*Asks:* 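One structure is given below, represented as structure tokens, and several questions about it will come after.
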Amino acid sequence: MSTDIKPTTSFWVISVIGLLWNLIGANQYIQQAYKTDSFKSMYTPEQLETISNMPTWATAAFAIAVFGGVLGCILLLLRKKLAKLFFQISLLGIIVQMIYNFFIAKITEVYGPGAVIMPLLILVIGYYLVSFSKQADRSHLLS
């Protein structure tokens with residue numbers, strides 16, 4: 001099928017918001033990877049130690065989650081079916097990262113119970129973008 005069907009305004013709005021959301025995540029990853037001063041100023045010494053002790057595989061999951069999401073959104077804006085795959089890879093990265101955060105690092109012990117809100121939001125948005133891209137494909141908006 002071709003992409004002769006015109007996407008709705010909501011398709012474009014959701015795609016752009018998804019891109020902005022994932023770019024914020026990519027920025028957070030880059031700041032964490034380079035240990036910028038602005039990054040370090042957001043955390044307590046105990047929290048920074050927890051972040052510094054993150055194993056390579058968990059850091060890789062973080063990178064896969066955010067950069068997979070960025071690529072997925074770019075592909076969605078280009079109306080390419082490959083967006084679905086990148087959102088699925090991104091969601092897998094999110095899940096691996098959350099397993100580390102909650103069950104291995106036990107971030108709620110370091111960050112408090114409020115640390116659950118943002119990771120859950122990330123998970124929900126990641127799942128939504130997978131579902132959204134699948135729906136866009138079923139609606140013949142992607143080629």
Side-chain angles (χ1 to χ4, degrees), residues 1-43 47-143:
M1 280 257 155
S2 68
T3 54
D4 294 338
I5 300 170
K6 286 191 164 233
T8 61
T9 301
S10 63
F11 172 88
W12 297 114
V13 169
I14 291 167
S15 299
V16 168
I17 290 172
L19 178 60
L20 293 173
W21 168 260
N22 280 288
L23 285 171
I24 290 168
N27 178 57
Q28 184 66 21
Y29 172 82
I30 291 167
Q31 285 196 46
Q32 180 176 318
Y34 288 98
K35 297 175 178 62
T36 64
D37 290 336
S38 64
F39 171 78
K40 290 189 272 187
S41 71
M42 296 187 305
Y43 299 98
Q47 292 167 338
L48 286 171
E49 184 174 334
T50 299
I51 294 166
S52 293
N53 292 330
M54 183 183 294
T56 304
W57 61 266
T59 302
F62 183 14
I64 289 166
V66 297
F67 293 111
V70 167
L71 288 171
C73 287
I74 291 169
L75 289 165
L76 196 60
L77 287 164
L78 294 172
R79 298 178 59 194
K80 299 296 180 190
K81 286 183 185 231
L82 199 52
K84 294 185 311 183
L85 176 62
F86 278 92
F87 285 131
Q88 291 167 340
I89 291 169
S90 175
L91 182 58
L92 180 61
I94 292 168
I95 291 167
V96 169
Q97 184 184 13
M98 296 307 153
I99 288 169
Y100 171 76
N101 287 341
F102 288 112
F103 301 109
I104 298 170
K106 299 182 175 141
I107 62 165
T108 54
E109 293 174 10
V110 177
Y111 294 89
V116 173
I117 296 167
M118 183 57 87
L120 288 178
L121 182 60
I122 291 166
L123 190 59
V124 166
I125 292 172
Y127 178 77
Y128 177 77
L129 288 172
V130 168
S131 300
F132 182 74
S133 64
K134 286 181 178 180
Q135 179 58 43
D137 187 32
R138 283 192 299 272
S139 299
H140 307 292
L141 296 174
L142 308 179
S143 64

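Just so it is clear, the model here is predicted, and its values are computed rather than measured. Any value given below was found using the heavy atoms of this structure, including those in side chains, with hydrogens, waters and symmetry copies removed.
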*Asks:* Any chance you could measure N27, atom CG, to I24, atom CD1, to the nearest 0.5 Å?
*Replies:*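 Result: 8.5 Å between the selected atoms.
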*Asks:* What is the minimum heavy-atom distance between A115 and P119, and which atoms define it?
*Replies:* O-CD, 2.8 Å
*Asks:* Quick check: closest heavy atoms across N22 and C73, and the distance to 0.1 Å?
*Replies:*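 Smallest heavy-atom distance, with atoms named: ND2-SG, 3.7 Å.
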*Asks:* Nearest 0.5 Å please: distance from the CG atom of L85 over to the CG atom of L71.
*Replies:* 10.5 Å
*Asks:* Report yes or no: does R79 contribute a side-chain atom to a donor-acceptor pair with the main-chain N or O of L142 at less than 3.5 Å?
*Replies:* no
*Asks:* Are any of the side-chain heavy atoms of Q32 and M54 separated by less than 4.5 Å?
*Replies:* yes
*Asks:* If I take atom NZ from residue K80 and atom OG from residue S143, how far apart are they, to the nearest 0.5 angstrom?
*Replies:* 4.0 Å
*Asks:* With side chains defined as the heavy atoms from C-beta onward, is the minimum distance between W12 and L77 less than 4.5 Å?
*Replies:* yes
*Asks:* Is there a side-chain contact between T50 and Y43 in this structure, where contact means two heavy atoms from C-beta onward sitting under 4.5 Å apart?
*Replies:*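 They are not in side-chain contact.
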*Asks:* Tell me whether E49 at atom CD has more than 12 heavy atoms from other residues, nucleotides or ligands lying less than 6.0 Å away.
*Replies:* no
*Asks:* Which one of Y127, F87, F11 satisfies the side chain to side chain contact (heavy atoms under 4.5 Å, CB included) criterion with F132?
*Replies:*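 Only one option passes, and that is F11.
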*Asks:* Any side-chain to backbone donor/acceptor pair from D137 onto S133? Under 3.5 Å, distance only.
*Replies:* no
*Asks:* Would Q47 and K40 count as a side-chain contact (heavy atoms from CB on, under 4.5 Å) if you check the C-alpha gap in whole Å, the side-chain angles of each, and the deciding distance to 0.1 Å?
*Replies:* CA-CA 9 Å; Q47 292 167 338; K40 290 189 272 187; over 6 Å; no
*Asks:* Measuring from K134:NZ to K81:NZ, what's the distance to the nearest 0.5 Å?
*Replies:*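 Going from the NZ atom of K134 to the NZ atom of K81 covers 13.0 Å.
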*Asks:* From K84 NZ over to I89 CD1, what is the distance, rounded to the nearest 0.5 angstrom?
*Replies:*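 If we round to the nearest 0.5 Å, K84:NZ and I89:CD1 are 12.5 Å apart.
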*Asks:* For the residue pair A61 and V96, what are the closest heavy atoms and their distance?
*Replies:* CB-CG1, 3.6 Å
*Asks:* What are the two closest non-hydrogen atoms of L76 and A83, and how far apart are they?
*Replies:* N-CB, 3.6 Å
*Asks:* Give the C-alpha distance, both sets of side-chain angles, the deciding distance and a yes or no for side-chain contact (heavy atoms from CB on, under 4.5 Å) between L91 and L123.
*Replies:* CA-CA 7 Å; L91 182 58; L123 190 59; 4.0 Å; yes
*Asks:* Report the C-alpha separation of Q135 and S139 in whole Å, then their side-chain angles, then the decisive distance to 0.1 Å, and conclude whether the side chain to side chain donor-acceptor pair (under 3.5 Å) test is met.
*Replies:* CA-CA 6 Å; Q135 179 58 43; S139 299; 3.0 Å; yes
*Asks:* Taking G68's backbone N and O only, do any of them form a donor-acceptor pair with S90's side chain (distance below 3.5 Å, no angle check)?
*Replies:* no
*Asks:* Give me the atom names and distance for the closest heavy-atom approach of A26 to F67.
*Replies:*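 Shortest heavy-atom contact: CB-CE2, 3.7 Å.
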*Asks:* Could you go step by step and tell me if V66 and W21 meet the side-chain contact (heavy atoms from CB on, under 4.5 Å) rule?
*Replies:* CA-CA 9 Å; V66 297; W21 168 260; over 6 Å; no
*Asks:* Side-chain polar contacts of residues 97-114 - donor-acceptor pairs under 3.5 angstrom, sequence neighbours left out - could you list them?
*Replies:*
from, atom 1, to, atom 2, distance (Å)
N101, ND2, Q97, O, 3.4

*Asks:* Which distance, rounded to the nearest 0.5 Å, do you find between the CG of L19 and the CG of L75?
*Replies:*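 It is 11.0 Å, given to the nearest 0.5 Å.
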*Asks:* I would like to know whether F39 and I51 meet side-chain contact (heavy atoms from CB on, under 4.5 Å); could you show each step before the answer?
*Replies:* CA-CA 11 Å; F39 171 78; I51 294 166; 3.7 Å; yes
*Asks:* Once side-chain hydrogen bond (donor to acceptor under 3.5 Å, both in side chains) is applied, what residue pairs with a partner in residues 55-78 remain, sequence neighbours excluded?
*Replies:*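 Passing the test, one end in residues 55-78: no pairs.
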*Asks:* For H140 and I5, work out which heavy atoms get closest and say how close.
*Replies:*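 Residues H140 and I5, closest heavy atoms: CB-CD1, 3.7 Å.
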